[in-house]
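One structure is given below, encoded as structure tokens.
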Protein chains: 2
Amino acid sequence: MSSLDLAFAALADPTRRRIVARLTRGELRVTDLAQPFAMSLNAVSKHVKVLEGAGLVRRRREGREHYLRLRAAPLREVARWTSQYERFWNQRLDALGAFLDKQTENDDEGSQ
Amino acid sequence: MSSLDLAFAALADPTRRRIVARLTRGELRVTDLAQPFAMSLNAVSKHVKVLEGAGLVRRRREGREHYLRLRAAPLREVARWTSQYERFWNQRLDALGAFLDKQTENDDEGSQ
DNA sequence: CAAACATTCAACCTTTTGGTTGAATAATAC
DNA sequence: GTATTATTCAACCAAAAGGTTGAATGTTTG
């Protein structure tokens, strides 16, 4: 699996996106992360492992506690891949613009 | 499933990302899309349906042929979600910058 | 040392995913 | 009107995903 595959797959789950969002505030332990979710700690632990596997999260062990922090690199990769298409959607807007211009042209013709 | 879930999940598969990439060139039929892939036409047809379900692709039927074209909206949604974290990764770079500045400061101290 | 805590591991279950093959449907071409 | 072409539908399969529970592993605390 490519790193882009892993990043997109990791971010496809809403629980994991919420985890990512919460980690922008700073480091949190697995238990802290699990607290607001209506699922077992084990389930959250698994989600964290998926994020870790995608490189989105880094783990720092301190005694029995594991502190997680966000790694931005995979998010940048996703942003980079996606932004290829900015060109495309601007182009579509341009095409719409050209179409509207054409319409206006025709309106002018009609009024002559 | 939220539209963001669907978009991320759809883009997590490399075959589907390749399909998206090819569709920036313009409309293609299912058969055209399937041609370069080492899998059955049926498999590609399924992938197209996933992309369609995520709103990334729109289908136009013309006789027995189905023409697919790219819809940019979900890509924009993904870009928008991801760009929230631009702030975050710039901040990390800033933190690195501050760290390096601090190092330099200490170097100066040492040289006094 | 014993109890409590933070976390993972392992086994299990159900649903989804990504692929296959074979048949159905519908439009086109000869 | 019979092939051929474009596509989907349906059934099936293996593997992965997302969850559960229960036990194991370490670490901290009393």
Side-chain angles (χ1 to χ4, degrees), chain A residues 1-23 26-70 74 78, chain B residues 1-23 26-70 74 78:
Chain A
M1 254 209 191
S2 89
S3 65
L4 211 44
D5 292 0
L6 290 169
F8 271 115
L11 295 173
D13 185 282
T15 300
R16 289 195 290 262
R17 284 201 309 279
R18 278 183 64 194
I19 290 177
V20 165
R22 291 188 62 214
L23 284 177
E27 288 189 332
L28 286 174
R29 299 171 310 151
V30 180
T31 311
D32 302 329
L33 280 175
Q35 185 259 317
F37 292 107
M39 69 182 68
S40 73
L41 177 66
N42 269 5
V44 173
S45 169
K46 274 192 183 184
H47 279 305
V48 168
K49 230 172 306 176
V50 172
L51 289 168
E52 219 182 343
L56 279 158
V57 150
R58 173 96 162 259
R59 185 186 302 257
R60 178 172 67 81
R61 250 151 286 224
E62 189 167 324
R64 64 183 166 185
E65 295 165 321
H66 297 200
Y67 287 91
L68 289 325
R69 75 174 171 74
L70 194 56
V78 167
Chain B
M1 255 208 190
S2 88
S3 64
L4 211 44
D5 292 1
L6 291 169
F8 271 115
L11 295 173
D13 185 280
T15 301
R16 289 195 290 263
R17 283 202 309 280
R18 278 182 65 192
I19 290 177
V20 165
R22 290 188 62 213
L23 284 177
E27 288 189 332
L28 286 173
R29 299 171 310 151
V30 180
T31 311
D32 302 330
L33 279 175
Q35 185 260 317
F37 292 107
M39 69 182 68
S40 74
L41 176 67
N42 270 6
V44 173
S45 170
K46 274 192 182 184
H47 280 304
V48 167
K49 231 173 307 177
V50 171
L51 289 167
E52 218 182 345
L56 279 158
V57 150
R58 173 92 163 261
R59 185 187 303 257
R60 180 172 66 82
R61 252 150 286 225
E62 190 167 323
R64 64 183 164 183
E65 294 164 322
H66 297 199
Y67 287 91
L68 288 326
R69 76 173 170 75
L70 195 55
V78 167

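In what follows, every chain begins at residue 1, and chains take the letters A, B, ... in the order their sequences are listed.
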Short of 4.0 Å, heavy atom to strand atom, which residues of residues 55-68 of chain B count as contacting DNA chain D? B:Arg59, B:Arg64, B:Glu65, B:His66
Show which side-chain atoms of residues 49-58 of chain A pair as donor or acceptor with protein atoms under 3.5 Å away, not counting sequence neighbours.
unit_1, atom_1, unit_2, atom_2, d
A:Glu52, OE1, A:Arg59, NE, 3.2
A:Glu52, OE1, A:Arg59, NH2, 2.7
A:Glu52, OE2, A:Arg59, NE, 3.1

Under a 4.0 Å heavy-atom cut-off, which of residues 9-20 of chain A touch DNA chain C? none
Of residues 29-41 of chain B, the positions that come close to DNA chain C - non-hydrogen atoms, cut-off under 4.0 Å: B:Met39, B:Ser40
Applying salt bridge (charged side-chain N to carboxylate O under 4.0 Å, His left out) as the test, list every pair that has at least one member in residues 33-43 of chain A; sequence neighbours left out. none
Would you give me the side-chain donor-acceptor pairs under 3.5 Å for residues 34-43 of chain B, sequence neighbours excluded?
unit_1, atom_1, unit_2, atom_2, d
B:Ser40, OG, B:Asn42, N, 3.4
B:Ser40, OG, B:Ala43, N, 3.0

For chain A and DNA chain D, what are the first and last nucleotides along the strand, 5' to 3', with at least one atom under 4.0 angstrom from a heavy atom of the protein chain? D:dG18 to D:dT28
Scan for salt bridge (charged side-chain N to carboxylate O under 4.0 Å, His left out) pairs involving residues 27-37 of chain A, sequence neighbours excluded, and state none if there are none. A:Glu27-A:Arg60, A:Arg29-A:Asp32, A:Arg29-A:Glu65
Run the side chain to side chain donor-acceptor pair (under 3.5 Å) test against B:Thr31 and tell me which residues pass, sequence neighbours left out. none
Side-chain donor-acceptor pairs under 3.5 Å in residues 13-20 of chain B, sequence neighbours left out?
unit_1, atom_1, unit_2, atom_2, d
B:Asp13, OD1, B:Thr15, N, 2.8
B:Asp13, OD1, B:Thr15, OG1, 3.4
B:Asp13, OD1, B:Arg16, N, 3.2
B:Arg16, NE, B:Ala10, O, 2.7
B:Arg16, NH1, B:His47, ND1, 3.1
B:Arg16, NH2, B:Ala9, O, 3.3
B:Arg17, NH1, A:Asp5, OD1, 3.0
B:Arg17, NH1, B:Leu11, O, 2.8
B:Arg17, NH2, A:Asp5, OD1, 2.6

Which parts of residues 42-51 of chain A get close to DNA chain D, meaning a heavy atom less than 4.0 angstrom away? A:Asn42, A:Ala43, A:Lys46, A:His47
